[in-house]
Amino acid sequence: MNTPSHIAAPPSFNRQDTLNAYHRTGRRRALIVTVLGLLCVIAFALDISTGPSSLPLADVWAGLFAPDQISSPQMTIIRDVRLPYALMAILVGAALSLAGAEMQTILNNPLASPFTLGVSSAASFGAAVAIVLGVSLPFIPGDWMIPINAFIAAFASVLMLEGLARNRASGVEGVVLFGIALVFTFNALVALIQFVASQEALSQLVFWSMGSLGRATWGNLGVLALVVAAVLPFSMQAANAMTALRLGEDRARSFGIDVKRLRFFSLLRISALAATAVAFVGTIGFIGLVGPHIARLMLGEDHRFLLPASMLTGALIMSLASVGSKILVPGVLLPVGIVTSMIGVPVFLILILRKPERV
Amino acid sequence: MTQPHCDLSGASLSITGLSTGYGGKAIVSGLDLAPIEPGAVVSLLGPNAAGKTTLLRSLAGLQPATGSVRLGDQELLSLSLAGHARIVTYMPQSLPQRVALTVLEGVIGAIRASPVGDGNLSDGDIVDRALEVIERVGIGHLAMSGLNHLSGGQRQLASLAQALVREPRVLLLDEPISALDLHYQLRVMKLVRQLAKERGMIVLMVLHDLAIAARWSDRVVLLAGGQVVADGTPEQAITAQVLADVYRVQARVEPGPSGLNIAIEDVL
C-alpha cells in the first residue's frame, strides 16, 4: 500500500552536508567581515579626497607619503582637516556601534542604543551647561570644557542605568524604561537652558547638538582611539558569554555565566565608548542603533563575529555620511549627524524589507 | 569553596531542609527529599504555583536558598554559578524567540559559555559533540536553521539539546515536552532515560502529563504549596487519593500493561 502523500517522511539528515554547510557559513562570515573592512578603507580614501577645497586623492596621497611635493596650505588642509575628520568618522562610528551592539545584547532589547537610552541626551545637557552657563569642573582649559562636561553627564547617565541594572528587582525592562525617562528628562533640561540662553549661545548649542566632525583634533582623536583600543579586547573576551546570554538569562546563568557581572562590565565599556565619542562630535543618533542591526542581519548573533562586524558597519556608515556631508550640498559642510540618518535609514530599510533574513 | 570535587560519578543527590522564595515570600520551605540515586529519572508533578520551577531554579543555583543540597559529599548551595555549571544544567521552560543563531550555533554556544566536563575541547570536537546531540534529539535536519524560524516544539527540542550537550551530572528540565507532538514527547522521554542510565546522570524534570510521568520515571514526587505530598515509585505516589488532594480532581488509577491507567473523571 502506498503511503498517502500528506504523511511526511522522517526528515533526512546528512552529517557531512551539515558540517559542510556550517563551515561554509563560517567562511562566508569571515568574508563579510573582510569586505566590510575593505569598504571602510575605500570610504576612508573617498572621505580624505573630498572637501570644499578641491584637493583630489592623488594630492592627498602625495601629502601623506611625499609631503615635499605639495604646497604648505594644502599640507595644512590634509593634516588638520581631511585626515582628522576622516579618522574621527571611522572611530566614532566604530565606538558607537560597538556600544550599541553590547547594549542591545545585555539589555535584551533591539531598541537599545546610546542615543535611545539617554546617553546622547545627557551629553547634550553637559554641553549646554558649558556653552550657555559656562559651568564646568575647575582647572579645565576652555576648549576642553564642552567635551569634558558632555563626558561627565554621559558617563553619569550610564552609571545610573548601571545602578538600576544591578538592582535585581527592577529587571531589564526597568532599565530600558529608565533610559527612555532619561531622554525626556535631559531633553527638558536642555530646553530649559536653551530658554534662558543668549542668541549666540543658543546657535552654538544647536550646532553642537547636531553632531559634527568639525571638532576633530589630533588630541581628541588620540583619546578616542585609546578608549576603543582599551575596550575592544574586553568586549571580545565577553563575546561567548554574550552569545550565551541571547539564549536566555536563566539558561546563561546555568551555563556558569555571572550575568550581573557581565552586564556591569559591559555597561562600563558602553559608557566609556559612547561618552567619549559623543563628547567629541556631539549627538549622532543613528549609528549605535542601526550599525549592530545591519551586522546582525548579515551574519547573525555569534558575538565573535557580531561585535567586530558592528564596529566595521558603524565605521562604514559614518565614513560614508562624512563624505555625504561634504558633497550633498556643494560648497557646504553639513553637520554629519543629519547625514547619518539620511544615509543610514535607506540602508536599514532595504535590509529589513528584503526577503526573510538569513542567519 | 567554589571548585567541586573531581569525581562525583556514583554520587546520589540529597536535599534536606531546603527553603527558598522571592522577595521575602517563602515558596518552598524546609523541603526534604530522600536521596536520588545516580541514573534515576525523577518527575516533579504538582498544580500551578506548587513551587516546582522555584525548586529546580534553587537546585541550579539561580536563586538563593538555605538548607542543604548535596551530591555525594559536595554541597551544591555553596558553589558559585561557575561551580554549579560544571555539575548541574538547568533547562528553562522557554527559549527566547528572536535569536539570530542557528540551532547548531545555539548548542555550540552552550558548550562555549563555560568549561564543560574535562575542559579543553578543540573547535572540531565542539562542533562534533553539538551535532551528535542535535541528531540524537531528532532535529539534525534543522541544525542549520535559525532559532527564530522554528516552531514552538522545534525550539523546545533545540533548547533541550543545549542542556544535554553539557553532559551534567544533574540535569534539571522544566517542562521539556510541553510543546511537543506525540512522536517527540516519546522520543525525548526515551532519550532522557537512556542518557540517564548510560551516564549515571540524575534527571529531575517538571512534567504535567501524569501518564507520561508514570510510564517513564523511576520516581515521582508530587509537590503542593512548596511541600512534598507524595514521593515514591509511580504506583506508590500517584493514587486517586493523592490526585484528589493535590489537583482537586476525581480520578481512577489502575495498573495497566504499560504503567498506570489514569482516567480523570471530574473536578472536585
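Chain A is the first sequence line, chain B the second, and so forth, proteins listed ahead of strands; every chain is numbered from 1. In this text the structure is predicted, and so the values were computed from the model without any measurement.
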Chain B contacts, top residue of A:Leu247, A:Asp302, A:Thr18 (heavy-atom pairs, under 4.5 Å) |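 That would be A:Leu247.
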Could you have a look at A:Leu245, A:Ile257, A:Leu306 and say which one has the most heavy-atom pairs with chain B under 4.5 angstrom?
->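 Option with the greatest count: A:Ile257.
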Should we say atom CZ of A:Arg15 is surrounded by more than 12 heavy atoms from elsewhere, each under 6.0 Å from it?
->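 Yes.
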Between [X] and chain A, which part of the residue has a heavy atom less than 4.5 Å away: side chain, backbone, both or neither?
X	value
B:Val88	backbone
B:Ser159	both
B:Leu95	both

Is a salt bridge present between A:Arg29 and A:Glu301, judged by a nitrogen-to-oxygen distance below 4.0 Å?
->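 Looking at A:Arg29 and A:Glu301, the cut-off is not met.
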Identify whether the distance between the nearest side-chain nitrogen and carboxylate oxygen of B:Glu198 and B:Arg136 falls below 4.0 Å.
->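 Salt bridge between B:Glu198 and B:Arg136, a charged N being under 4.0 Å from a carboxylate O: yes.
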With a 3.5 Å cut-off and no angle check, do the side chains of A:Asn240 and A:Thr243 form a donor-acceptor pair?
->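 No pair is found: no donor N or O on one side chain lies under 3.5 Å from an acceptor on the other.
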Side-chain contact test, heavy atoms from C-beta onward, threshold under 4.5 Å: evaluate it for B:Leu142 versus B:Leu150 and give yes or no.
->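 B:Leu142 vs B:Leu150: side chains touch.
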Among the options B:Leu172, B:Asp128, B:Ile134, pick out the one with the most heavy-atom pairs lying under 4.5 Å from chain A.
->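 Going by pairs under 4.5 Å, I would pick B:Asp128.
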Identify which of B:His183, B:Glu132, B:Arg112 forms the greatest number of heavy-atom pairs closer than 4.5 Å to chain A.
->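 The answer is B:Arg112.
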